[in-house]
Structures are given as C-alpha cells and as structure tokens.
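A note on names: the letters A, B, ... follow the listed sequences, proteins ahead of strands, and every chain is numbered from 1.
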There are 2 protein chains.
Amino acid sequence: MRAFVHPTVDQMTPQAILHALADPERAKIYAEIAGLGCIQGCATLADTGERVIPKSSLSQHFRVLREAGLIRSERHGVEMRNYARCAEIDARFPGLLVAIMRAYAQNSGQEFAEAVAAKHA
Amino acid sequence: MRAFVHPTVDQMTPQAILHALADPERAKIYAEIAGLGCIQGCATLADTGERVIPKSSLSQHFRVLREAGLIRSERHGVEMRNYARCAEIDARFPGLLVAIMRAYAQNSGQEFAEAVAAKHA
DNA sequence: GCGTTAGTTCGGGAATATGGAACTATTGAA
DNA sequence: TTCAATAGTTCCATATTCCCGAACTAACGC
C-alpha cells in the first residue's frame with residue numbers, strides 16, 4: 001500500500017478531469033463527495049446505489065478521481081476520508097466543475113446512448 | 001457506409017461529450033471545427049499537426065464527436081463538411097463547452113482553443 | 001468503363017477497465 | 001500480544017475499448 005498520489009494544482013489537466021468525470025459512476029461519486037464536502041469510505045457509497053459496485057472497482061474509481069486532482073484522500077485510522085478539491089480546481093479551471101455538474105444534473109434519461117450502443121451491436 | 005448518426009439535442013449526454021473531449025486529439029479537432037465554423041475533410045487535419053494521424057483514426061475521432069452531438073457531418077460530393085453544433089449544445093448544457101475549451105486553452109500553452117473560447121464568450 | 005480522391009469499415013494487437021480473490025494496514029478486544 | 005474484524009488496496013484473469021494498417025466504398029471526372 002503505497003502512499004496516495006495527489007497532483008498539485010498546476011499538474012492538473014483538463015484531459016484527466018474530463019476522463020475522470022466522463023464515467024457517470026465516478027461523476028456520481030464525485031458529486032456526492034462535493035456535496036457533502038467529505039465522505040467516508042468506499043463501502044458507504046457501495047451500497048447506497050441500486051447496483052452494488054465491487055470495492056475493488058470503487059478503489060480504482062477513487063484513484064482516478066484522486067489522480068485527476070478532483071479529490072483528496074486521507075487515511076484516518078482504519079477508514080478513509082475524501083474531500084473534494086473544488087476550490088483548487090476552480091482556481092485553475094474556472095467554471096469547469098460547475099458546468100459539468102450542472103450538465104449531469106440537467107441530464108436525466110440517456111436513451112440515445114443505448115440507441116447508439118444497439119446500432120453498433 | 002451507413003448513414004451518419006446525429007443525436008438530437010435532447011439525446012445528448014454529458015457523459016458522451018466529456019468522453020469525446022477527454023481526448024486531447026479530439027478536443028483539438030473540435031476546437032478547430034468550432035473555430036472555423038466548418039472544416040473540410042479529415043486529410044486537412046491529418047497533416048496540419050506535427051504527428052500525422054492516420055485517417056482511419058481520424059474517421060473514428062469524427063464519429064465519436066458526431067455521436068456525442070458535438071459536430072454535424074455532411075457529405076458534399078466527394079468531400080465532407082463538419083460543423084460544430086455549439087449553439088445546440090449550449091442550449092442544452094449552458095456553459096459546458098466554453099468551460100471545457102477555456103480549460104484546455106489555459107492548460108500548458110495550448111493556444112489552439114483560446115480563440116475558440118474567446119469566440120464563444 | 002477506369003482512375004483518383006475522400007472517407008469508412010474490417011481485423012488483430014495494444015492498452016485499459018472490470019471485478020473476484022488475496023493481501024495489507026489499523027483498531028479493538030480477549 | 002495475539003486474534004478477529006473492518007476498510008481499502010493490489011493482483012490477475014477476463015472483457016472491453018482503442019489504435020491503425022489494409023481493404024473496401026462512394027462520388028466524381030475522364
């Protein structure tokens with residue numbers, strides 16, 4: 001278990017941020033963290049949804065978010081605390097996070113993604 | 001060669017848009033299209049950069065952008081015209097594209113998107 | 001028809017993502 | 001201090017996606 005990697009503000013790239021948030025699962029996780037300011041643990045999230053996300057996948061999702069600079073993870077005893085780095089990101093890329101979160105909030109049904117998927121099948 | 005798939009405005013998803021623009025190559029292509037309003041052909045782009053992107057890859061990039069709703073492709077005779085659907089996307093997800101393009105512009109001296117960001121402002 | 005131009009699709013290897021099983025780190029209790 | 005429980009990480013095999021050369025297709029002009 002090596003130490004966590006947290007990029008500095010100027011190491012953040014739009015590329016990594018977009019990639020991290022392009023996954024709705026991760027966007028959801030990030031939204032929850034950003035909403036709460038701090039969220040504890042993977043297991044907490046794992047069972048809140050309808051689908052149970054395996055904890056290894058959760059761990060990966062957290063890593064991607066972390067390495068994109070979206071969250072900061074701290075180990076407190078046996079558990080984990082994740083904080084959204086909104087302010088830092090907003091300082092670097094003003095308006096980006098708000099716009100993305102707004103977009104997700106606005107989007108409800110993803111019928112088209114399914115249609116395309118079916119077409120390519 | 002089946003007909004192109006173009007999502008309607010309400011079929012667009014943040015997910016697809018973010019995924020499409022998470023690739024800097026595609027972001028660059030989109031920026032150029034958005035900047036010019038219309039760009040002709042894949043080959044045009046292929047040799048403008050330092051690295052020559054193979055046309056099959058270009059074709060895929062265009063498809064991803066198209067199916068995310070970012071561009072509209074029309075075949076005019078033997079060649080192709082691609083238009084940015086900025087207005088439509090901005091109507092659906094206000095501020096999203098500007099924020100993303102700004103972020104890319106801000107990042108590591110990538111001047112390319114600056115003009116575009118300015119244009120959308 | 002034939003050749004040329006512009007782009008798409010096919011196919012297979014590379015890269016990335018998913019998730020179960022095993023492992024690690026920390027705490028609390030016996 | 002040893003053991004069990006909890007919380008996450010890492011390993012690894014499978015699955016999916018991406019990349020790009022080669023083959024194919026569509027639209028011209030001759």
Next on the checklist: Rounded to whole Å, how long is the line connecting atom CD1 of B:I53 with atom P of D:dC18?
Outcome noted: 16 Å
Checklist entry - Considering only side-chain heavy atoms of A:S57, which listed nucleotide, D:dA7, C:dT8, C:dT18, is closest? => result C:dT18
Checklist entry - Between CZ of B:R85 and CZ of B:R72, what distance do you get to the nearest 0.5 Å? => result 4.0 Å
Checklist outcome for this item: In whole angstroms, the gap separating C1' of D:dT25 from CD of B:E79 amounts to 17 Å
Checklist outcome for this item: Checking C:dA6, C:dG20, D:dA7 against the side chain of B:K55 (C-beta onward), the nearest is C:dA6
Next on the checklist: Going by side chain to side chain contact (heavy atoms under 4.5 Å, CB included), B:R92 matches just one of B:T13, B:V9, B:T8. Which one?
Outcome noted: B:V9
Checklist entry - CZ of B:R63 to CZ of B:F4: how many Å apart, nearest 0.5 Å? => result 11.0 Å
Item to check | Interatomic spacing from CD1 in A:I29 to CD1 in A:I53 - rounded to 0.5 Å | outcome: 5.0 Å
Checklist entry - For B:H61 and C:dA6, what is the distance between atoms NE2 and P respectively, to the nearest whole Å? => result 20 Å
Checklist entry - A:E67 CD to C:dT16 P: how many Å, rounded? => result 13 Å
Next on the checklist: Can you tell me how far apart CE (A:M12) and CD (A:E67) are? Round to the nearest 0.5 Å.
Outcome noted: 12.5 Å
Item to check | Single-linkage hydrophobic cluster, 4.5 Å side-chain cutoff, A:L96 and A:M101 together | outcome: yes
Next on the checklist: Rounding to an integer number of Å, can you tell me how far A:N82 CG sits from D:dG8 C1'?
Outcome noted: 11 Å
Item to check | Residue from A:I17, A:L97, A:I100 passing side chain to side chain contact (heavy atoms under 4.5 Å, CB included) with A:Y30 | outcome: A:L97
Checklist entry - Just how far, in rounded Å, is P of C:dA6 from CD of B:Q60? => result 20 Å
Checklist outcome for this item: To the nearest 0.5 Å, atom CG of B:D10 lies from atom CD of B:E88 at 10.5 Å
Checklist entry - For the helix from C:dG1-D:dC30 to C:dA30-D:dT1, what is the angle between the axes at its two ends, each from 5 pairs, rounded to 10°? => result 0°
Item to check | Contact state string [nucleotides 24-30 of chain C, B base, S sugar-phosphate only, - no protein heavy atom under 4.0 Å] | outcome: BSBS---
Next on the checklist: Looking only at the side chain of B:D23 (C-beta and beyond, no hydrogens), which of the listed nucleotides D:dT9, C:dG7, D:dC19 gets closest?
Outcome noted: D:dC19
Checklist entry - Which comes earlier along DNA chain C counting from the 5' end, the contact point of B:R66 or that of A:S56, where each point is its nearest nucleotide? => result B:R66
Checklist outcome for this item: Among D:dT9, D:dG21, D:dC18, the one nearest any side-chain atom of B:H19 is D:dC18
Checklist outcome for this item: One should read off an interatomic distance between B:L18 CG and A:H19 NE2, to the nearest 0.5 angstrom, of 11.0 Å
Checklist entry - Expressed in angstrom and rounded to an integer, what is the separation of B:R26 atom CZ from D:dC19 atom C1'? => result 11 Å
Next on the checklist: Rounded to whole Å, please give me the gap between CG in A:L58 and P in C:dG20.
Outcome noted: 12 Å
